[in-house]
Number of protein chains: 2
Amino acid sequence: MQLKNQVEWALHCCSILAGLPDGRYLDTKSLAQLHGVPKEYLSKALQALAKAGLVLSTLGPSGGYRLARAASGITFWDVVSAIEGPGPAFVCTEIRRNNPCRPKSTCDAKACIVARVMWEAEDAWREKLRGMTIAKLVDQVVEEVPADLMEATAVWVGERS
Amino acid sequence: MQLKNQVEWALHCCSILAGLPDGRYLDTKSLAQLHGVPKEYLSKALQALAKAGLVLSTLGPSGGYRLARAASGITFWDVVSAIEGPGPAFVCTEIRRNNPCRPKSTCDAKACIVARVMWEAEDAWREKLRGMTIAKLVDQVVEEVPADLMEATAVWVGERS
DNA sequence: TCCTTATGGACATATAATATCCTTAAAGGA
DNA sequence: TCCTTTAAGGATATTATATGTCCATAAGGA
């Protein structure tokens, strides 16, 4: 079990878009260069974010993407679920029904206990992701990344947005 | 991103093995029939549990598997990590290093912030799984599953162990 | 009109999950 | 000793998913 690389890409892209001058857009090509990932495939991830309403896009020269709302209103879960889909990682195939001792007529009041436990654990994971926003991420980045690299990147992005 | 079906199978198998009469073994064939899953493939999952030290196996007639220790000493995380591997679901490919503005000499003191956040969320998931044991699972099963089905299954298993 | 860009579909490849088959060796019973 | 049963593990096949590329289309800006 592994999350798609697109999750990593999308989160990094969001942190870049969060630092964009107001009203400006950054295009796929620049985001791909900045992260060293294939432009065409990154494009699919950005399209997923757009479809989920997390980013806005515009066409033509100086087109590209920007965040659809304040970075404080976009959580890690928003991004992860946009890329991976909102469904659970644990899929219950109801193998309890295959018990040969079980009468056909048996009707299950509750979901399988195994599934419920697995889903509770996922809830804890999801809650953690919901508690982290792109804004908080950017705060951390500003705190940890050397100021000159932050500045150089801002200039690089500014030239392309 | 989805967990393997083998995780579901392995957990159900553990709950069955936990109910086994002392010192008895239940074979792969019976476990497969009981859950309606392919014997050969389930066998791979059981081998993974054995390799992880969660179950013991023995050969020959009346051979099969039993828990290697008390059900209270086996957690959901033990089973999940035996099947899925202990590694994180989020894999950091260090795309921050691909930033063209970044001097080659840059050395990272800490892991990427994005990765750290994702891993913290996974820790919460893992902790939930660590907090649930096969013994607790069995308690819940006893509480929720109709007594006659529990009894019939115990008889069925008893005849084959 | 021309260039740039996102969109979306089609397609190709790589990797992982699922599934089956077969050989080997060990355990138990006849 | 011989035969049956069983787990172990390797080889292989099949299917699904992830990754990656390409192209046609439509829309925005110069």
Side-chain angles (χ1 to χ4, degrees), chain A residues 1-10 13 17 23-33 35-68 80 82-85 87 89-91 93 95 160-161, chain B residues 1-10 13 17 23-33 35-68 80 82-85 87 89-91 93 95 160-161:
Chain A
M1 186 224 12
Q2 208 166 295
L3 290 169
K4 301 186 199 178
N5 286 147
Q6 286 189 333
V7 170
E8 183 189 16
W9 304 355
C13 285
L17 294 180
R24 301 280 195 81
Y25 292 80
L26 188 62
D27 65 6
T28 308
K29 188 180 157 207
S30 300
L31 284 167
Q33 281 179 2
H35 297 116
V37 300
K39 174 174 107 76
E40 313 281 358
Y41 194 37
L42 174 62
S43 166
K44 303 296 185 189
L46 295 170
Q47 284 174 42
L49 296 184
K51 214 170 174 183
L54 305 180
V55 300
L56 297 177
S57 66
T58 188
L59 293 172
S62 80
Y65 294 93
R66 67 176 179 86
L67 295 187
V80 170
I83 301 294
E84 290 286 345
F90 179 86
V91 176
T93 64
I95 57 177
R160 289 161 178 81
S161 65
Chain B
M1 186 225 11
Q2 208 166 294
L3 290 169
K4 302 187 201 178
N5 286 146
Q6 286 189 333
V7 169
E8 183 189 17
W9 304 355
C13 284
L17 294 181
R24 299 281 194 82
Y25 293 80
L26 188 61
D27 64 6
T28 308
K29 188 179 155 208
S30 300
L31 286 166
Q33 281 179 4
H35 298 115
V37 301
K39 173 174 108 76
E40 312 283 358
Y41 193 37
L42 174 63
S43 166
K44 302 297 184 187
L46 296 170
Q47 282 174 45
L49 296 185
K51 214 169 172 183
L54 305 180
V55 300
L56 297 177
S57 66
T58 187
L59 294 171
S62 79
Y65 294 93
R66 67 176 179 85
L67 296 187
V80 170
I83 301 293
E84 291 285 344
F90 179 87
V91 175
T93 63
I95 58 177
R160 288 161 178 80
S161 63

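Reminder, nothing fancy here: chain letters follow the sequence lines and each chain counts from 1.
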With nearest nucleotides of DNA chain D determined for B:Gly63 and A:Glu40 from heavy-atom distances, which residue corresponds to the more 5′ nucleotide?
B:Gly63
Measuring only between side-chain heavy atoms, which start at C-beta, is B:Met1 closer than 4.5 Å to A:Lys4?
no
Are any non-hydrogen side-chain atoms of A:Leu46 and A:Val55 less than 4.5 angstrom apart?
no
Quickly work out the A:Lys51 NZ to C:dT7 C1' distance and round it to whole Å.
11 Å
Check this one for me: any side-chain N or O of A:Ser62 less than 4.0 Å away from OP1 or OP2 of C:dT5?
no
For the side chain of B:Gln47, counting heavy atoms from C-beta on, which of D:dG20, C:dA6, D:dG9 is nearest?
D:dG9
Report the residue (B:Ser43 or A:Thr58) whose heavy-atom-nearest nucleotide on DNA chain D is the more 5′ of the two.
B:Ser43
The nucleotide from D:dG29, D:dT6, C:dA27 with an atom nearest the side chain of A:Pro61 is D:dG29
Quick check on C:dA17: is either OP1 or OP2 less than 4.0 Å from any side-chain nitrogen or oxygen of B:Asn5?
no
In this structure, how many angstroms lie between the P atom of D:dA18 and the CD atom of A:Glu84, rounded?
7 Å
At under 4.0 Å between heavy atoms, what does B:Lys44 touch on the DNA or RNA strands: base, sugar-phosphate, or nothing?
base
Taken to the nearest whole Å, OH/A:Tyr25 to C1'/D:dG28 is 11 Å
What is the minimum heavy-atom distance between A:Tyr25 and A:Ser57, and which atoms define it?
CE2-C, 4.1 Å
Let me know, please, whether B:Leu3 or A:Ser57 comes out on the 5' side of the other along DNA chain C by nearest nucleotide.
A:Ser57
Hey, is the side chain of B:Thr28 poking within less than 4.0 Å of OP1 or OP2 on D:dA7, counting only N and O atoms?
yes
Atom pair distance, as rounded to whole Å: CD in B:Gln2 and C1' in D:dT15:
14 Å
OP1 or OP2 of D:dA8 versus the side-chain N and O atoms of B:Tyr65: is any pair under 4.0 Å?
yes
Non-hydrogen side-chain atoms of B:Leu42 and B:Cys13 separated by less than 4.5 Å
yes
A:Gln6 CD to D:dT21 P: how many Å, rounded?
13 Å
Separation of C:dT13 C1' from A:Tyr41 OH (nearest whole Å):
12 Å
note: B:Phe90, atom CZ; D:dA18, atom C1'; distance rounded to Å ~ 16 Å
Within this structure, what is the CZ-CZ distance for the pair B:Arg160 and B:Arg24, rounded to the nearest 0.5 Å?
13.0 Å
Look at the side chain of A:Ala50 and decide which nucleotide, out of C:dT7, C:dA27, D:dA18, has an atom nearest to it.
C:dT7
Give the rounded distance in Å between these two atoms: CZ of A:Arg24 and P of C:dT5.
15 Å
